[in-house]
Amino acid sequence: MSEPDAEWQRKNCLKCYNYFREQERLRSLVKLSNDIDIDQLKYIGGVDLSFPLNDNKHAVACLVVLDYPSMKLVHSSFKQVVLTLPYIPGYLAFREVEPLVALLKDLKAANPDIYPQAILVDGNGVLHPRQFGLACHLGVLSDTPCIGVAKNFLHIPQEGSSMEMADVKSRCNIALQRRGDTVELVGSSGFTYGVALRASDSAKNPVFVSQGHRIDLPTAVHLVLSCSKYKNAEPIRMADGLSRQYIRDHYPTS
DNA sequence: GCGACAG
DNA sequence: ATCTTGTCGC
């Protein structure tokens with residue numbers, strides 16, 4: 001069963017708001033060189049949103065800060081969100097980025113000492129049709145180093161067979177044998193979108209790591225791996241779990 | 001026209 | 001994204 005008016009809604013949103021052009025404008029502000037010195041890293045952030053069941057109007061955004069490298073939780077904050085847009089592949093940031101920027105801004109004002117030197121974002125960075133996913137968007141708007149960590153592969157239309165889902169999957173099945181193994185995601189244009197990373201021995205499926213802002217790819221991969229006990233890196237697992245907990249406690253069961 | 005598509 | 005229990009393996 002498909003959803004005919006989801007398609008209708010998608011096309012109208014794009015026409016009305018020119019999100020495509022907005023991404024192309026902000027893309028020029030992304031910095032792909034490295035600002036992170038892992039030896040000096042003290043705090044690492046994680047962000048995520050959770051949604052109540054049978055409710056497409058509300059969500060809860062969560063920011064966590066963990067001590068590095070102990071991965072102990074040192075901060076968590078939440079923001080309730082009223083959603084205005086549907087989820088559209090390639091335009092996730094327009095649905096999620098604003099509350100995340102607000103949470104970061106509030107933390108910087110209230111407790112600058114624990115403001116994270118880097119943030120892991122649930123979604124993609126430059127692994128994106130216009131090389132400007134949520135992790136880039138959040139990084140640019142907050143001027144904070146960000147890394148995209150996605151649990152699923154986002155299809156990149158114009159980049160040939162090496163970036164097709166079937167091809168990526170088969171390459172991963174062959175190359176990703178144990179924790180730390182990676183597969184490079186390079187398009188026919190020569191652009192490196194990111195890597196598929198096996199973050200734990202027990203998780204067969206990889207995460208997709210890409211540069212968001214002010215970080216290079218090797219540093220990003222190293223950092224994600226060093227935060228990973230399971231498939232999902234601890235900062236993201238924590239933000240995911242706590243925002244879900246918040247939903248349970250603040251919204252009626254449907 | 002259909003398919004493919006982070007969360 | 002969201003629902004859901006136990007269960008298999010180290």
Taking only residues two or more places apart in sequence, or in another chain, which ones meet [X] in a salt bridge (Lys or Arg N to Asp or Glu O under 4.0 Å)?
X: Arg244(A); value: Asp240(A)
X: Asp201(A); value: none
X: Asp181(A); value: none

Report task. Mind checking side-chain contact (heavy atoms from CB on, under 4.5 Å) for Ser189(A) and listing every partner two or more places apart, or none if nothing turns up? Result -> Glu159(A), Phe191(A)

Requested in this report: Mind checking side-chain contact (heavy atoms from CB on, under 4.5 Å) for Arg25(A) and listing every partner two or more places apart, or none if nothing turns up?
Outcome: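 Residues passing side-chain contact (heavy atoms from CB on, under 4.5 Å) with Arg25(A): Glu22(A).
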
**Report entry** Within residues 145-159 of chain A: residues closer than 4.0 Å to DNA chain B (heavy atoms)
**Finding:** Ala150(A), Lys151(A), Asn152(A), Phe153(A), Leu154(A), His155(A)

**Report entry** Neighbours of DNA chain B within residues 228-245 of chain A, by heavy-atom distance under 4.0 Å
**Finding:**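 Those residues: none at all.
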
Ignoring hydrogens and angles, write down the donor-acceptor pairs under 3.5 Å from the side chains of residues 98-107 of chain A, residues two or more places apart or on other chains.
none

Report summary line: Paired runs of 3 or more consecutive Watson-Crick or G-U pairs involving DNA chain B, with both pairing distances under 3.5 Å, are none

**Report entry** Consecutive Watson-Crick or G-U pairs in runs of at least 3, all under 3.5 Å, in which DNA chain C is involved
**Finding:**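 Correct response: none, since no qualifying run exists.
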
Distance-only criterion, 3.5 Å: show the donor-acceptor pairs between side-chain atoms of residues 222-234 of chain A and protein atoms not counting sequence neighbours.
from, atom 1, to, atom 2, distance (Å)
Ser226(A), OG, Tyr68(A), OH, 2.7
Ser226(A), OG, His222(A), O, 3.4
Ser226(A), OG, Leu223(A), O, 2.8
Ser228(A), OG, Val224(A), O, 2.7
Glu234(A), OE2, Arg237(A), NE, 3.0

Query raised in the report: What are the bounds, 5' to 3', of the part of DNA chain C that sits under 4.0 Å from heavy atoms of chain A?
Result: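 The footprint of chain A covers dA1(C) to dC3(C).
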
